[in-house]
Amino acid sequence: MRSSLFRAIKTLNNSASCSHLLRRGYGSEAVPDRKVAVLGAAGGIGQPLALLMKLNPLVSSLALYDIANTPGVAADVSHINTRSEVKGYVGEEELGKALEGSDVVIIPAGVPRKPGMTRDDLFNINAGIVKGLCEAIAKYCPNALVNMISNPVNSTVPIASEVFKKAGTYDEKRLFGVTTLDVVRAKTFYAGKAEVPVAEVNVPVVGGHAGITILPLFSQATPKANLADEEIQALTKRTQDGGTEVVEAKAGKGSATLSMAYAGAIFADACLKGLNGVPDVVECSFVQSSVTELPFFASKVRLGKNGVEEIIGLGPLSDYEKEGLEKLKPELLASIEKGIKFANN
């Protein structure tokens, strides 16, 4: 996934002077026009995410929206010699224009975490922001694939679902909580401990996107490594605490913005490839699910022309992972219900 994305970017840049080649992407078939909107594009995640989406050859139109400073971000990114046309939109009066015709909408909008804050501390501010943006999505691009980055994802995805239900536009196949950063971290940490090339590593991460609700399935990691139980437990905890690790390292001056932008770009790329009919596109995501008794759950998802084509089961779990799964359920359910309650009030 990652290597194919950057090979495509390199190919695109090498052929930038040949306009007829800009219509081609990962294969020999012509790439359809696709519009991507980034809501919160002037923020700490939004700016590097805008850059990465500008580099993606599957994007023909890139709409950057925020409540301030987007014209400058858009002007800066627009000078990059890749396929997509970039437009910046600022303020609520321009939100509709930013969204119209979008195939994929990515939402990193909201306030970041600061030292001592949990994702739930962000709830009251970010929940209101997400609700307003989703109301606009329901009105201006109801068929778009919505990639939710705004935290707490365990609650903001249920908020979005309720907003779309009220608007009569809800399609559970088109709403995704972006948990890709958990996968990125799990792969990185596992590769370091197992001493294997990180590009070859695959680790499913299931559950939710906060603390103990994040459950990396290291028993299913490839390539296999004979790690001790205590090493697996330490890797699991580090994956769960990855966001806090970055917040503390930045000492009050930011959160995980660059790695989150990368993860967001990876997942958006997967959505675009699915829309374009590329087969066997699989990523982990927090979606409406029947994998467990919880209404939403992160697991491997096969992406296609309609969004979610298949939700893949958990597979065999170790005893440690089974225990972690049972522990996360009450906390994840509480976060889901919190989001639903907010949306309905």
Side-chain angles (χ1 to χ4, degrees), residues 8 12 19 22-26 29-43 46-47 49-67 70-71 73-78 80 82-109 129-150 160-161 163-164 166-176 178 264-265 267-278 281 303-308:
L12 178 67
S19 60
L22 297 184
R23 298 280 299 168
R24 311 186 82 83
Y26 293 136
E29 299 299 321
V31 176
D33 288 341
R34 295 293 181 192
K35 178 178 177 180
V36 173
V38 180
L39 308 185
Q47 289 197 44
L49 179 58
L51 168 64
L52 291 170
M53 297 316 298
K54 180 69 172 88
L55 296 177
N56 190 312
L58 300 183
V59 181
S60 60
S61 175
L62 182 59
L64 305 180
Y65 170 83
D66 215 317
I67 57 173
T70 9
V73 176
D76 194 359
V77 172
S78 71
I80 296 170
T82 55
R83 176 191 180 199
S84 55
E85 295 182 2
V86 182
K87 292 184 180 179
Y89 302 88
V90 61
E92 288 186 21
E93 65 276 6
E94 295 188 355
L95 178 54
K97 291 180 182 178
L99 290 171
E100 284 177 346
S102 294
D103 296 287
V104 176
V105 179
I106 313 172
I107 310 180
I129 293 171
V130 165
K131 186 177 180 181
L133 293 175
C134 288
E135 287 170 350
I137 291 169
K139 182 175 180 180
Y140 293 104
C141 56
N143 295 318
L145 302 189
V146 177
N147 293 3
M148 186 67 68
I149 291 174
S150 301
S161 72
V163 170
F164 296 149
K166 287 182 181 179
T169 65
Y170 182 51
D171 182 348
E172 68 272 16
K173 295 181 178 181
R174 296 178 179 272
L175 175 60
F176 303 90
V178 180
F267 189 76
D269 177 71
C271 286
L272 289 165
K273 289 198 289 188
L275 287 173
N276 290 350
V278 176
V281 179
L303 299 166
K305 293 183 177 181
N306 297 306
V308 175

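Values reported hereafter were calculated over all heavy atoms of this structure, with side chains retained and with hydrogens, waters and symmetry mates removed. Being a predicted model, the structure only gives us computed values, none of them experimental. Index from 1, following the sequence.
Pro108 and Gly46 get closest at one heavy-atom pair: CG-CA, 4.2 Å. The heavy-atom pair separating Cys141 from Val105 by the smallest distance is SG-CG2, 3.8 Å. Across all their heavy atoms, Ala98 and Ala63 have their closest contact at O-CB, 3.4 Å. Minimum heavy-atom separation, Ala50 to Leu64: CB-CD2, 3.7 Å.
Contact annotation: the side chain of Pro142 never approaches that of Ile137 to less than 4.5 Å [non-hydrogen atoms, C-beta and beyond]. Taking 4.5 Å as the limit, some side-chain heavy atom of Leu272 sits within range of a side-chain heavy atom of Met53. Pro57 is not listed as a side-chain neighbour of Val31, based on a closest heavy-atom distance of 4.5 Å or more. Side-chain atoms of Leu275 and Val104, non-hydrogen and from C-beta on, do get closer than 4.5 Å to each other.
Within 6.0 Å of atom NZ in Lys131, more than 12 heavy atoms from other residues, nucleotides or ligands are found, so the atom counts as buried in its surroundings.
Scored by the side chain to side chain contact (heavy atoms under 4.5 Å, CB included) test, Glu85 finds no partners at all (sequence neighbours excluded). Residues that satisfy the side chain to side chain donor-acceptor pair (under 3.5 Å) test with Arg174, not counting sequence neighbours, are Asp171. Every residue two or more places apart in sequence or in another chain that forms a side chain to side chain contact (heavy atoms under 4.5 Å, CB included) with Glu92 is listed here: Tyr65. When the side chain to side chain contact (heavy atoms under 4.5 Å, CB included) test is applied to Ala109, the partners found at least two apart in sequence or on another chain are Ile107, Ile129, Leu133, Ser150. In this view, Ala160 and Cys134, Met148, Phe164, Leu175 satisfy the side chain to side chain contact (heavy atoms under 4.5 Å, CB included) rule, not counting sequence neighbours. Qualifying side chain to side chain donor-acceptor pair (under 3.5 Å) partners for Tyr140, counting only residues two or more places apart in sequence or in other chains: none. Considering only residues two or more places apart in sequence or on other chains, Phe176 meets the ring-ring contact (aromatic ring centres under 6.0 Å, His included) condition with Phe267.
In this structure a side-chain-to-backbone donor-acceptor pair under 3.5 Å is present from Lys54 to Thr82. Between the side chain of Asp66 and the main chain of Ala42, a donor-acceptor pair closer than 3.5 Å is present. At distances below 3.5 Å, not a single donor-acceptor pair connects side-chain atoms of Lys35 with backbone N or O atoms of Val59. Between the side chain of Ser78 and the backbone N or O of Val86, no donor-acceptor pair lies under 3.5 Å.
Between the NZ atom in Lys139 and the CG atom in Leu95 there is a gap of 10.0 Å [rounded to 0.5 Å]. Atom CG of residue Leu39 and atom CG of residue Leu99 lie 5.5 Å apart, to the nearest 0.5 angstrom. Separation of atoms CG (Leu55) and CG (Asp269) is listed at 11.5 Å; rounding is to 0.5 Å. One distance of note links CG of Leu51 with CG of Leu62; it measures 10.0 Å at 0.5 Å rounding.
The residue from Asn56, Ile106, Asn147 that alone fulfils the side chain to side chain contact (heavy atoms under 4.5 Å, CB included) condition with Val36 is Ile106.
Residue pairs that meet the salt bridge (Lys or Arg N to Asp or Glu O under 4.0 Å) test with at least one member in residues 95-106, sequence neighbours left out, are Arg34-Asp103.
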